[in-house]
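These numbers come from the heavy atoms of this one structure, side chains and all, not from hydrogens, waters or symmetry mates. So that the names make sense, note that chain A is the first sequence line, chain B the second, and so on, each numbered from 1. Every value quoted in this text rests on a predicted model; they were computed, and no experiment measured them.
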Protein chains: 2
Amino acid sequence: MTARASRGRRPGAPDTRAEVLAAARASFAEKGFRGTTIRAVASAAGVDPALVHHYFGTKDDLFVAALEIPVDPREILAPVVAAGPDGAGERLLRTFLSVWDDPAIQPGLLALVRSLMADDSAGLVRDGFIPVVVGPVLASLVRDRPEVRVPLVASQMIGLIVARYVIAVPPLAQMPAEDLVARVGPVLQHYLTGDLP
Amino acid sequence: MTARASRGRRPGAPDTRAEVLAAARASFAEKGFRGTTIRAVASAAGVDPALVHHYFGTKDDLFVAALEIPVDPREILAPVVAAGPDGAGERLLRTFLSVWDDPAIQPGLLALVRSLMADDSAGLVRDGFIPVVVGPVLASLVRDRPEVRVPLVASQMIGLIVARYVIAVPPLAQMPAEDLVARVGPVLQHYLTGDLP
DNA sequence: GTCTATAGACGGATAGAC
DNA sequence: GTCTATCCGTCTATAGAC
């Protein structure tokens, strides 16, 4: 994402590049990586396939351009952990949902999730994301035995993502975030600090 | 699966058909539908691509042959609902895990889940599987407001599938089924019959 | 900048020899 | 039954005209 503000008037042509990127984002989010074709993206944006290559290079390049998640999980979760374990379940879920419900971020996250499930890149989540990103963050919130509590928390949050955003089962997909916080938050809290066999 | 027992000796050639099917199952489970190619399946089974077609017809046919889920969810869940709402969370989870942990069934289920997440066939789960299969079954177990309780139960079970079987996050993937029943069962019970805002 | 034309690779499917 | 050879379609990617 290059800086787009510069003085003087913008080029007369509409921002074709942005339209291509938006089309790519939507397609990757909906159909996954293998399911989207450069041709389909170009057609959706009303341009020629060659133009897509001209802007973004290879299909892989287009994919990473379409992700562009403007969120650092550790940064956004910092205030959640700073407030301590009390009510952490609700706070965690609230910030989590606020990110996922952001229409500017959602397509990128969806595309990411879709591609992670489709390929055998599950190892990336298992050995990368969970232990190095979310693990340490959550570990500071749990009472004990993080190695069993963190995965349980993760399982419920993964299920929420898949049910609400990927499958969009009603009424989960339409449910206001605060309702979900009230209903699922206590479960997360239980996994974090409750009595567990 | 045709009956394989008949008197007299089996044909001298090893059961190539079964090997092809096994290779297909593994590939579909690991790489999803789009990710597996007939050629790769044939190569993994040590045979010619044309032979795969000869046995199974199109790639779609091969896929449904590789699924071959020998389980009717409604049938297997019948005893769970018959015993009533008390302790239903644990019972539900136990039968659920016993099916998923069955090595004869798991690859088919995994392939199914992978393909459902990859394509935009989410509608199939949302409008088909959940409301017509699992919905009615679970609805008879909940205390009230099935339209909010059933999706919550579904979200936790989906999360368990993805975390334990698709991503295989440790130690969730290695955890004995009974440990999971003891830890997650109460949450399901809470979603089924507990106090919910 | 935008499009046309096409090269090159890959995968599904079929026909037919052995 | 099993394999060779091949057709046909789709896709990425590039070269080059306008």
Side-chain angles (χ1 to χ4, degrees), chain A residues 2 4 6 8-28 30-67 111 114-115 118-120, chain B residues 1-4 6 8-67 111 114-115 118-121:
Chain A
T2 72
R4 59 182 288 273
S6 72
R9 78 181 187 86
R10 285 166 289 130
D15 201 343
T16 314
R17 192 192 145 99
E19 280 178 31
V20 171
L21 193 57
R25 244 191 273 269
S27 181
F28 281 129
E30 189 184 355
K31 323 229 194 206
F33 182 80
R34 280 209 177 81
T36 91
T37 66
I38 302 260
R39 290 158 134 91
V41 168
S43 155
V47 301
D48 190 273
L51 199 59
V52 179
H53 282 113
H54 179 66
Y55 281 136
F56 298 99
T58 76
K59 187 182 177 184
D60 288 329
D61 295 337
L62 178 61
F63 185 64
V64 313
L67 291 185
R114 273 239 159 75
S115 79
D119 311 336
D120 46 354
Chain B
M1 213 176 296
T2 69
R4 61 181 285 275
S6 73
R9 77 181 187 87
R10 285 166 288 129
D15 201 342
T16 314
R17 191 192 146 100
E19 281 179 30
V20 171
L21 193 57
R25 244 191 274 268
S27 180
F28 281 129
E30 189 183 354
K31 322 229 193 206
F33 182 79
R34 280 207 178 82
T36 92
T37 66
I38 301 259
R39 289 161 136 93
V41 168
S43 156
V47 303
D48 191 273
L51 200 59
V52 180
H53 282 113
H54 178 66
Y55 281 137
F56 298 99
T58 76
K59 186 182 178 185
D60 289 328
D61 295 337
L62 177 61
F63 184 64
V64 314
L67 292 185
R114 272 240 159 74
S115 79
D119 311 336
D120 47 354
S121 43

- Note on the structure: Sorted by chain and number, sequence neighbours left out, side chain to side chain donor-acceptor pair (under 3.5 Å) with B:Thr58 holds for B:Asp61

- Message: Show, in sequence, the C-alpha distance, side-chain angles and deciding distance for A:Leu51 and A:Thr16, and conclude whether the side-chain contact (heavy atoms from CB on, under 4.5 Å) test is met.
- Response: CA-CA 9 Å; A:Leu51 199 59; A:Thr16 314; 4.1 Å; yes

- Message: Show me the pairs that pass ring-ring contact (aromatic ring centres under 6.0 Å, His included) and involve residues 34-56 of chain B, at least two apart or across chains.
- Response: none

- Listed by chain and number, what are the side-chain contact (heavy atoms from CB on, under 4.5 Å) partners of A:Ala23, not counting sequence neighbours? A:Val41, A:Ala44, A:Ala45

- Task: Return the residues of residues 49-59 of chain B meeting this criterion: a heavy atom under 4.0 Å from some atom of DNA chain D. Order them by number, or give none.
- Result: B:Ala50, B:Leu51, B:His54, B:Tyr55

- For A:Glu30, does its backbone N or O pair with a side-chain atom of A:Arg114 as donor and acceptor, under 3.5 Å? yes

- Query: For C:dT2, does either OP1 or OP2 sit under 4.0 Å from a side-chain N or O belonging to A:Thr16?
  - Reply: yes

- Message: Test of understanding: with side-chain contact (heavy atoms from CB on, under 4.5 Å), list the residues that count as partners of A:Thr36, not counting sequence neighbours.
- Response: A:Ser27, A:Phe28, A:Lys31, A:Lys59

- Item | Length of the CG-P vector between A:Asp60 and D:dC11, whole Å | 17 Å

- Query: Whole-Å distance between C:dT6 P and A:Asp48 CG?
  - Reply: 14 Å

- Enumerate the residues from residues 27-40 of chain B whose closest heavy atom to DNA chain D is under 4.0 Å, giving them by residue number; use none for an empty result. none

- Quickly work out the A:Glu19 CD to C:dG1 C1' distance and round it to whole Å. 15 Å

- Kindly write out the residues that satisfy side-chain contact (heavy atoms from CB on, under 4.5 Å) with A:Ser43, not counting sequence neighbours, or none if the list is empty. none

- Message: The criterion is side-chain contact (heavy atoms from CB on, under 4.5 Å); which residues satisfy it with B:Ala50, sequence neighbours excluded?
- Response: B:Asp48

